[in-house]
Asker: 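Encoded as structure tokens, here's the structure I'll be asking about.
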Amino acid sequence: MKFATKLLHGRSGIDAATGASSIPIYQASTFHQFDLDKPGLFDYARSGNPTRQALEEAIAVLEGGARGFAFASGMAAISSVFMLFSTGDHLIVAEDVYGGTFRFLTRILSRLGIDVTFVDTTRLEQVAAAIQPRTKAIYLETPSNPTLKVTDIAACCRLAQAHGLLTIVDNTFLTPYYQRPIELGADIVVHSATKFIGGHSDVVAGLVVARDEAIGEQLYFIQNGMGAVLGVQDCWLVMRGLKTLKSRLDVSTRSAGKLAAWLESHPLVQKVYYTGLPSHEGHEVQNRQASGHGAVLSFDVGSREMAKALFDAVKLPIVAVSLGAVESILSYPAAMSHASMPADERARRGITDGLIRLSVGLEDVDDLIADLNQALVSAAAVCLAQR
Ligand SMILES: *Cc1c(COP(=O)(O)O)cnc(C)c1O
């Protein structure tokens with residue numbers, strides 16, 4: 001089956017028990033045991049619930065893995081995966097991982113005596129140089145946020161395998177529609193399903209997929225033992241969002257490509273980051289390992305004043321943290337997602353005071369272009385008047 005068909009006719013399609021066209025919300029915390037000698041499929045809902053199981057099987061199929069797991073948030077998923085490791089272990093992590101992942105690793109996991117080296121994973125030699133005898137895993141996020149740096153997943157996986165390390169990939173930005181890390185050699189895929197998979201800015205959720213049963217069993221033990229499971233109503237919402245993942249991404253990605261090209265030629269824009277642009281550093285690797293460029297792009301308007309005036313003038317996109325929704329979302333990394341990073345470190349990573357991130361939604365792209373154009377022109381006028 002092709003991806004579009006899998007979205008609708010996989011495990012989250014009809015309910016096997018009743019034929020219901022959407023998986024029912026089994027709002028039950030416990031399950032009657034009809035025979036004490038023959039335990040039923042389900043006993044207690046932290047350990048398993050049919051609604052959650054349907055979502056977990058659906059994401060496993062889409063990512064091409066053996067087992068899927070649904071968690072209460074992307075961070076619940078990510079932090080649970082890191083519970084695979086023990087005191088004394090060492091991890092290699094992409095230097096521009098999601099801020100919440102960085103905070104978890106440096107402020108919480110570090111207390112358990114698990115060390116992390118952050119490297120630029122787009123440079124394989126830096127990853128190789130960071131490997132120590134106690135290294136256990138490489139953790140990647142590609143494309144990264146907000147300058148969309150692309151890491152060669154297959155090359156990192158080969159390096160990891162040669163040293164007996166696990167490779168974990170945060171696939172939030174592209175989803176299995178465009179990128180399937182397990183096919184490229186990864187062992188574990190993590191998602192913030194709050195973003196494109198949920199897709200409607202109405203649910204916080206996380207997903208994990210394990211390549212094989214052995215890793216799946218370890219992750220199941222952690223999921224049940226730590227208990228950060230996704231509630232059944234939210235499981236249903238994620239399955240509801242998942243059904244239209246391809247249709248939404250087809251439209252948003254086409255619009256993002258058009259917007260990126262338009263912004264790149266705009267006199268008031270200094271730089272555009274979008275992997276679909278041939279000018280982007282990661283363009284070729286991205287073309288090799290993913291079938292699309294996704295719906296997130298960033299652009300630099302040169303100064304904090306310009307950025308602020310643009311946020312004041314723009315009418316269509318909502319201004320918010322988060323991404324991957326039906327509505328376009330503008331965010332300001334320097335003061336939102338990367339506010340806690342020292343200014344010089346931000347500058348080194350291209351996260352300047354003029355950088356704006358745009359997650360493209362389903363609005364008509366011509367309306368988005370017109371709105372951004374009026375906002376850029378009016379921002380320039382405001383800045384000129386202030387001088
Ligand atoms: C949002 C996000 C997360 C965290 O997910 P939550 O659902 O907010 O907990 C992790 N990784 C990436 C790339 C994200 O964008």
Side-chain angles (χ1 to χ4, degrees), residues 55 59 63 69-83 93-109 118 121 139-151 153 168-179 181 186 188-209 223 226 228-231 234-235 237-238 241-242 245 249 252 256 273 275 282 286 290 293-298 318 320-325 328-333 336-341 349 351 357-361:
L55 169 61
I59 191 64
E63 286 285 3
F69 304 94
F71 290 89
S73 67
M75 283 319 303
I78 290 166
S79 56
S80 294
V81 166
F82 280 118
M83 287 300 124
V93 176
E95 66 175 2
D96 44 7
V97 273
Y98 177 72
T101 307
F102 183 82
R103 181 175 53 198
F104 173 76
L105 292 169
T106 54
R107 307 278 299 277
I108 300 177
L109 204 69
F118 293 96
T121 52
Y139 184 95
L140 308 174
E141 188 178 312
T142 177
S144 71
N145 181 26
T147 59
L148 305 165
K149 284 162 86 177
V150 179
T151 294
I153 299 174
I168 305 164
V169 181
D170 184 332
N171 203 27
T172 299
F173 270 46
L174 289 182
T175 84
Y177 177 35
Y178 289 138
Q179 177 168 278
I188 299 171
V189 174
V190 298
H191 279 283
S192 170
T194 313
K195 316 294 166 56
F196 291 101
I197 288 181
H200 294 70
S201 299
D202 55 11
V203 62
V204 171
L207 296 169
V208 174
V209 178
Q223 183 196 37
M226 305 238 318
V229 294
L230 187 63
D234 288 345
C235 287
L237 275 171
V238 173
L242 198 52
L245 177 69
L249 272 172
S252 292
Y273 299 90
T275 62
Q286 177 82 355
H293 295 281
V296 180
L297 59 92
S298 296
I318 66 168
V321 288
S322 201
L323 55 99
S328 293
I329 303 178
L330 266 189
S331 65
Y332 185 53
M336 290 176 164
S337 51
H338 293 72
S340 61
M341 191 179 274
R349 298 184 188 194
I351 308 167
R357 190 186 72 196
L358 174 60
S359 166
V360 183

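Every number for a ligand or one of its atoms is a count from 1 in the order of the listing. Keep in mind that what you see is a predicted model, and the values were worked out from it rather than measured. Reckoned from all heavy atoms, side chains included, excluding hydrogens, waters and symmetry mates.
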Asker: Starting from atom 6 (P) of ligand 1, which protein heavy atom do you reach first, and at what distance in Å?
Answerer: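 Result for atom 6 (P) of ligand 1: Gly74 N, 3.3 Å.
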
Asker: Measuring from atom CG of Asn171 to atom NZ of Lys195, what distance do you get when rounded to the nearest 0.5 angstrom?
Answerer: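 One gets 13.0 Å once the value is rounded to the nearest 0.5 Å.
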
Asker: So if I count the atoms of ligand 1 from 1 in the order they appear, which ones are less than 4.0 Å from some heavy atom of Met75?
Answerer: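 Heavy-atom distances to Met75 below 4.0 Å select 5 (O), 6 (P), 9 (O).
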
Asker: List every atom of ligand 1 that sits less than 4.0 Å from any heavy atom of Ser73, numbering the atoms from 1 in the order shown and giving each element.
Answerer: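 In order of numbering, the contacting atoms are 7 (O), 9 (O).
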
Asker: Identify the residue among Leu297, Ile329, Ile318 that makes a side chain to side chain contact (heavy atoms under 4.5 Å, CB included) with Ser359.
Answerer: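 So the option named by the test is Ile329.
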
Asker: Between Gln179 (side chain) and Thr142 (backbone), is there a donor-acceptor pair under 3.5 Å?
Answerer: yes

Asker: Sub-3.5 Å donor-acceptor pair from the side chain of Ser73 to the main-chain atoms of Ala205, do we have one?
Answerer: no

Asker: Under 4.0 Å from a heavy atom of Ile78: which atoms of ligand 1 are those, numbered in the order shown and with their elements?
Answerer: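 Answer, ordered by atom number: 10 (C).
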
Asker: Measure Ala76 to ligand 1 on non-hydrogen atoms and call it side chain, backbone, both or neither using the 4.0 Å cut-off.
Answerer: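 Neither part.
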
Asker: Record the part of Asn145 in heavy-atom contact with ligand 1 below 4.0 Å; permitted values are side chain, backbone, both and neither.
Answerer: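 For Asn145, there is no contact with ligand 1 at all, from either part.
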
Asker: Give the atom numbers and elements of ligand 1 that come within less than 4.0 Å of a heavy atom of Ala205.
Answerer: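 Taking each heavy atom of Ala205 in turn, ligand 1 has 7 (O) under 4.0 Å.
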
Asker: May I ask you to list the atoms of ligand 1 that are less than 4.0 angstrom from any heavy atom of Lys195?
Answerer: 1 (C), 2 (C), 3 (C), 14 (C), 15 (O)

Asker: So Phe196 and Tyr177, ring pair (Phe, Tyr, Trp, His ring centres under 6.0 Å) or not? Walk me through it.
Answerer: CA-CA 10 Å; Phe196 291 101; Tyr177 177 35; over 10 Å; no

Asker: Between the main-chain N or O of Ser192 and the side-chain N or O of Thr172, is there a donor-acceptor pair closer than 3.5 Å?
Answerer: yes

Asker: Which ligand 1 atoms are under 4.0 Å away from a heavy-atom of Asp170?
Answerer: 10 (C), 11 (N), 12 (C), 13 (C)

Asker: Among all protein non-hydrogen atoms, which one is nearest to atom 7 (O) of ligand 1, and what is the separation to 0.1 Å?
Answerer: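 For atom 7 (O) of ligand 1, the nearest protein heavy atom comes out as Thr194 OG1, 2.6 Å.
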
Asker: State whether the side chain of Tyr139 and the backbone N or O of Val97 hold a donor-acceptor pair below 3.5 Å, judged by distance alone.
Answerer: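 Between the backbone of Val97 and the side chain of Tyr139 there is no qualifying donor-acceptor contact (under 3.5 Å).
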
Asker: For atom 3 (C) of ligand 1, which of Phe173, Phe196, Tyr98, Phe71 has the closest heavy atom?
Answerer: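 Selected option, by shortest heavy-atom distance: Tyr98.
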
Asker: Can you name the atoms of ligand 1, numbered from 1 with element, that are less than 4.0 Å from a heavy atom of Glu141?
Answerer: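 Reading through ligand 1 atom by atom, the close ones are 13 (C).
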
Asker: Does the side chain of Phe118 reach to within under 4.5 Å of the side chain of Leu105, using non-hydrogen atoms?
Answerer: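 Touching, per the 4.5 Å side-chain cut-off.
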
